[in-house]
Amino acid sequence: MKTLLQRTIQDKEVNLYPVWLMRQAGRYMPEYMAIKAESNGFLDMALTPEKATEITMQPIKEFDMDAAIIFSDILIINYALGQELDYNPAPELGPYKESFWETTESEFIEKCEPVYEAIRRVREELDDSKSLIGFAAAPYTLCKYMCDSVDSDIVNRLIPYIVTHLSMQIEAGCDTIQIFDSWAGDISEHDFDEIIIEPTKLIVDAIRSRHPEVCIIAFPRLVGNKINKYIEIVNPDCTNISDDKPVDEIEGEVLQGGIAVKILIKGEDITPVLDKMKGKPYVVNLAHGIDKITPVENVRNLVNKAKEYRENV
C-alpha cells in the first residue's frame, strides 16, 4: 500500500494534499519541551533512540500528520566526521580539520547508528499509511557550517558521506528522503552549477540508482530565479519551494511547501495556496521549518484545513 505522499510524489496523483511540516517535531510543542527539560542538550535527544522516537511521533499523535520526519539534525554528518558540535541553542562547531576525511565508512555509520535505530523504532510504531522521511543537508550547506566558506573541494568530499547517511536511513525504514540546501541562496549565478547543482545531482542520482523505490525531495532554499534550472538538472522527484517566487512561475512537476512561516504563526488561511495547486501533485508544507513561537492550535488548524480541502476538492 502506498502512502499519500508516495502517491503524490511517485504516481503524480493530484488533489491528495498530503501534509507534513518541516520541524514538525520540536520546540513549539509542550511535549517536546518536557523531554528537553529532562535531557542533556540537543545531541542527547537526537542520539538517544528512545527519545528521538518519542519526539518524532509527538506531532503524529497530536495532529495526525500524513508523514513523520525523523527527529535528527543535518549536522549529525559533521559530528560523525569528528567535528566538535554543541547547541546553545544554535549550533556551535569546532574548527575544521583535514583529519575529518580519514573517517572510514564503517566509523561514520557507527557514529550515526542511533539515528538509524530511531528510524527502525519509528517505522515499527508508525502506521503503514504514513510515510517516514529521512534527511541530510546538501554539500554546500554542510560545508558552510564546517568551515564557513565556499570550498568546492570540501563540497565534493562530503558527497559520499551524505549518500551513505541517506542510504542507511532508507535501509532502516524511510520511504522518502529530503535533501536540505538551507544556504543555497548564498551562491551566485556564476558558482551555482559547481557548488549547488552538480553535487546535489550526484547525490540524487546515487540514491535513485541504489533505491529506485524511494521518493527524493530537494529543497534549494531561497534561490529565486535559479530554481527552474535546479529542478531541470538535479531532477528530484519533488521540490520543496520557498516563498520568494510565485508558485505559478516554478516549473517543477511535483512541488511541496511554499507556505510562508508567518502565515502559520498568524494562523492565516492557507486556502489561497491550496487553490493555486488544484489539479497538480502538491505536498502541503512550509517555505521553511516551523518557528518555535508558533501556536500549537495553528498547526492543528493547518493540518485540518489541508485534510478538509482534499476531501472536498
Side-chain angles (χ1 to χ4, degrees), residues 22-23 42-43 46-47 69-70 72-105 107-109 111-112 115 134-169 177-208 216-224 226-227 229-231 233-236 239-240 242 244 288-289:
M22 291 179 283
R23 292 187 186 156
F42 180 86
L43 280 177
L47 295 176
I69 181 167
I70 194 65
S72 185
D73 192 77
I74 59 172
L75 298 179
I76 292 299
I77 288 178
N78 299 55
Y79 163 82
L81 290 173
Q83 189 165 26
E84 296 171 11
L85 176 62
D86 199 5
Y87 296 82
N88 287 307
E92 297 178 356
L93 292 99
Y96 170 79
K97 298 177 182 178
E98 276 292 313
S99 61
F100 295 163
W101 313 114
E102 298 170 8
T103 306
T104 66
E105 183 179 68
E107 290 169 339
F108 177 84
I109 290 172
K111 289 200 76 172
C112 294
V115 177
F135 66 90
Y140 170 64
T141 287
L142 286 184
C143 174
K144 183 176 176 68
Y145 283 106
M146 181 173 277
C147 64
D148 196 27
S149 66
V150 181
D151 188 312
S152 60
D153 181 55
I154 291 176
V155 163
N156 288 308
R157 291 163 97 176
L158 281 162
I159 291 171
Y161 294 103
I162 295 169
V163 170
T164 293
H165 189 45
L166 290 171
S167 188
M168 290 299 296
Q169 290 178 79
I177 57 97
Q178 179 153 318
I179 302 167
F180 288 84
D181 216 345
S182 305
W183 296 100
D186 286 0
I187 302 301
S188 69
E189 188 91 40
H190 179 267
D191 295 324
F192 197 74
D193 284 14
E194 179 185 8
I195 301 299
I196 302 298
I197 287 181
E198 292 167 9
T200 310
K201 178 174 171 52
L202 288 172
I203 294 167
V204 168
D205 289 349
I207 294 299
R208 187 168 284 144
I216 303 173
I217 307 170
F219 182 23
R221 184 170 177 255
L222 296 174
V223 297
K226 299 188 285 292
I227 185 71
K229 182 180 182 181
Y230 177 99
I231 292 171
I233 299 176
V234 175
N235 191 30
T239 306
N240 196 98
S242 303
D244 61 330
H288 195 40

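These numbers come from a predicted model, not from an experiment.
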Ignoring hydrogens, what is the shortest heavy-atom contact between G185 and V223? Give both atom names and the distance. N-CG1, 4.0 Å
Nearest 0.5 angstrom please: L222 CG to W183 CH2, how far? 10.0 Å
Where do P91 and Y145 come nearest, in terms of heavy atoms and distance? CG-CE2, 4.2 Å
Going by heavy atoms in the side chains, are L85 and N78 under 4.5 Å from each other? no
Side chain to side chain contact (heavy atoms under 4.5 Å, CB included) for V204 and N235? Distances and angles first, verdict last. CA-CA 8 Å; V204 168; N235 191 30; 5.7 Å; no
Do the non-hydrogen side-chain atoms of D73 and Y79 ever get within less than 4.5 Å of each other? no
So, E107 and T104: side-chain donor and acceptor under 3.5 Å apart, yes or no? yes
Could you check R157 against E98 for salt bridge (Lys or Arg N to Asp or Glu O under 4.0 Å), going step by step and ending with a plain yes or no? CA-CA 11 Å; R157 291 163 97 176; E98 276 292 313; 3.1 Å; yes
I'd like to check C112 versus H165 (side-chain heavy atoms, cut-off strictly below 4.5 Å). Are they in contact? yes
All heavy atoms of Y230 vs all of A218, minimum pair found to be OH-CB, 3.4 Å
Hey, what do you get for OH (Y140) to CD1 (I187), rounding to the nearest 0.5 Å? 4.0 Å
Take L47 and V115 through the side chain to side chain contact (heavy atoms under 4.5 Å, CB included) test and state the conclusion after the steps. CA-CA 6 Å; L47 295 176; V115 177; 4.1 Å; yes
Heavy-atom closest pair, residues I179 and A137: CG2-C, 4.3 Å
CE (M22) and CZ (F219) are apart, to the nearest 0.5 Å, by 4.0 Å
Are L43 and D86 packed together at the side-chain level, in the sense that at least one heavy-atom pair is separated by less than 4.5 angstrom? no
Is the closest basic N to carboxylate O distance between K229 and E189 below 4.0 Å? no
For residues I195 and S152, determine if any side-chain heavy atom of one lies less than 4.5 Å from a side-chain heavy atom of the other. yes
Could you pull out the closest heavy-atom pair between P139 and L158, with the gap in Å? O-CD1, 3.5 Å
Determine yes or no for a side-chain-to-main-chain donor-acceptor pair under 3.5 angstrom, with T200 supplying the side chain and I196 the backbone. yes
Evaluate the ring planes of F42 and Y87, with Trp represented by its six-membered ring, and classify them as parallel (under 30°), tilted (30 to 60°) or perpendicular (over 60°). tilted
About how many Å separate OG1 of T141 and CZ of R221, when rounded to the nearest 0.5 Å? 9.5 Å
So how far is it from T103 OG1 to I77 CD1, rounded to the nearest 0.5 Å? 12.0 Å
In terms of the angle between their ring planes, are W101 and Y161 parallel, tilted or perpendicular, with boundaries placed at 30° and 60°? tilted
Nearest non-hydrogen partners of T239 and P236, listed with the distance: OG1-CG, 3.5 Å
Step-by-step side chain to side chain contact (heavy atoms under 4.5 Å, CB included) determination, Y96 to I154: CA-CA 10 Å; Y96 170 79; I154 291 176; 3.7 Å; yes
What's the spacing between I70 CD1 and I177 CD1 if we round to 0.5 Å? 14.5 Å
Trace of the side chain to side chain contact (heavy atoms under 4.5 Å, CB included) decision for K144 with D186: CA-CA 10 Å; K144 183 176 176 68; D186 286 0; 3.4 Å; yes
